[in-house]
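Notes follow the structure.
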Protein chains: 2
Amino acid sequence: MSATPATGAAPAAPARRGRPGYDRAQILQIAVGLFNEQGYDATSVADLAARLGLTKSALYHHFDSKEQLLAEALDEALSALEGVLDDAATGGTPAERLDAVLRGAVEVLIDRLPSVTLLLRVRGNSDTERAALERRRLFDQRVTELVRAAQDAGLIRADIDGAVTTRLVFGMINSVVEWYRPSGPIDRERLAHDIVTITLDGMRTR
Amino acid sequence: MSATPATGAAPAAPARRGRPGYDRAQILQIAVGLFNEQGYDATSVADLAARLGLTKSALYHHFDSKEQLLAEALDEALSALEGVLDDAATGGTPAERLDAVLRGAVEVLIDRLPSVTLLLRVRGNSDTERAALERRRLFDQRVTELVRAAQDAGLIRADIDGAVTTRLVFGMINSVVEWYRPSGPIDRERLAHDIVTITLDGMRTR
DNA sequence: GTCTATAAATGGATAGAC
DNA sequence: GTCTATCCATTTATAGAC
């Protein structure tokens, strides 16, 4: 868990001597945490340097810009989400594939909670943010196609538009970043189960 | 719809002569729109003045601070949401009251889309924001109590924790601010119906 | 790999004329 | 009610020493 996440080619970066000695991955992790606490725009490079116990200059030795930190975090989140769809594409019936996508999305969201949280708050204020929004849009499109296929197969109710259904269900899934904490009482699989249960069968008793 | 929203005592503010001639309500409306486009922190007072076609100084004649604009918008959204709960408290069975709260929340969210959108993005970076978050928390608590009462009455499934159910369902409802546009093809009542349908009965066919 | 110092621009906000 | 001009703190980012 606490091992170095292997940014480049080095198999295992040995702990640095002297001062802090952060590598890119560690800095990115702490940066994303702070962006999520305060908001990306409200977080200054000085804020981040203070949290790291570094000066701004030392930070700029590791990264070219604040925006580069954002770009790397957004890429991590988007790649993971796209991976869910790539994996699910090989499944069986539309219903099975949809189930796999919903469960997979919840699990990615939890496993990569910080970067996905950041992604979901992007508004499009820079080229970096706009590119991320476009990748998100393509993801949504692919999920909507899956929902429509499940509707055509008669497995999902067709009295609500597929795009609306997709938005609502992913709205519920994505909202998890607002409150879920891995250290809390509810585990990953349980939450995925609860969400799939409510979205498929609803909260009303029968 | 286009009438003056009655900020103070004056029944109908006559159109100003000369330049733009904004009143507080008009400025607030445009400010909230810009905050939602770019994010509150990413929006400078200069940005807002530019959109209004005014200078910063002219803006400060109407408002004491950027934060005051935020505070007034957040209060509008919170008051409207609290009103939904106050109204629903007088209903009949827990199920009827919960239905009324869900529908009412969707309708408030749509009727006050700009201010509610702003509210849902607040992170707690100032006293103003923290006070708004606290009012939101109290709202959530009151809804959770309603869900638990419906569970105790056997009307809502009890195999998922009431607080989790509340968060998930309001996560879906709140996500509407991310994509809904009143000018679009789907009207308020239709969306409220779709959301209540999915959250109560799910998207699976039976 | 970290530091001090500083640049150049922008942030929120105010003074005072018209 | 809006303007020009300005203040001062903070912003992102860089230069160059250790």
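Fair warning: this is a prediction, and the values are worked out from it, not measured in the lab. The sequence lines fix the lettering, A, B, ..., with proteins before strands; numbering per chain opens at 1. Excluded from the calculations below are hydrogen atoms, water molecules and symmetry mates; all remaining heavy atoms, backbone and side chain alike, are included.
The CG atom of Leu59(A) sits 9 Å away from the P atom of dT2(C) (whole-angstrom rounding). Asn125(A) has its CG atom 16 Å from the C1' atom of dT11(D), to the nearest Å. Atom pair Phe63(A):CZ and dA13(D):C1' shows a separation of 16 Å (rounding to whole Å applied). We find that NZ of Lys66(B) is positioned 18 Å from C1' of dT14(C), with the value rounded to whole Å. Between the CD atom of Gln38(B) and the P atom of dG11(C) there is a distance of 10 Å, given to the nearest Å. Between the CD atom of Gln68(A) and the P atom of dT12(D) there is a distance of 15 Å, rounded to whole Å. If you take CG of Asp64(A) and C1' of dT12(D), they are 13 Å apart, rounded to a whole angstrom. Computed from coordinates, the Asp47(A) CG to dA13(D) C1' distance equals 16 Å when rounded to whole Å.
The base of dA15(C) lies close enough to the side chain of Ser57(B) for a donor and an acceptor atom to sit less than 3.5 Å apart.
The side chain of His61(B) lies closest to dG1(D), out of dG1(D), dG12(C), dA13(D). Distances were taken from every side-chain heavy atom of Leu54(A) (C-beta onward) to each of dG11(C), dC3(C), dA13(D); the shortest belongs to dC3(C).
Dashed line: the shortest gap from a side-chain N or O of Tyr60(A) to OP1 or OP2 of dA13(D) is under 4.0 Å.
Atom CD of Glu82(A) is surrounded by more than 12 heavy atoms from other residues, nucleotides or ligands within 6.0 Å.
Nearest heavy-atom pair, Asn36(B) versus Pro114(B), reported as atom, atom and distance to 0.1 Å: ND2-O, 2.9 Å. In plain terms, the two heavy atoms of Phe35(A) and Leu70(A) that are nearest each other are CE1-N, 4.5 Å. Taking all atoms of both residues into account, the shortest heavy-atom contact from Leu52(B) to Tyr22(B) is O-OH, 2.7 Å.
Heavy atoms of Thr55(A) sit under 4.0 angstrom from at least one base atom.
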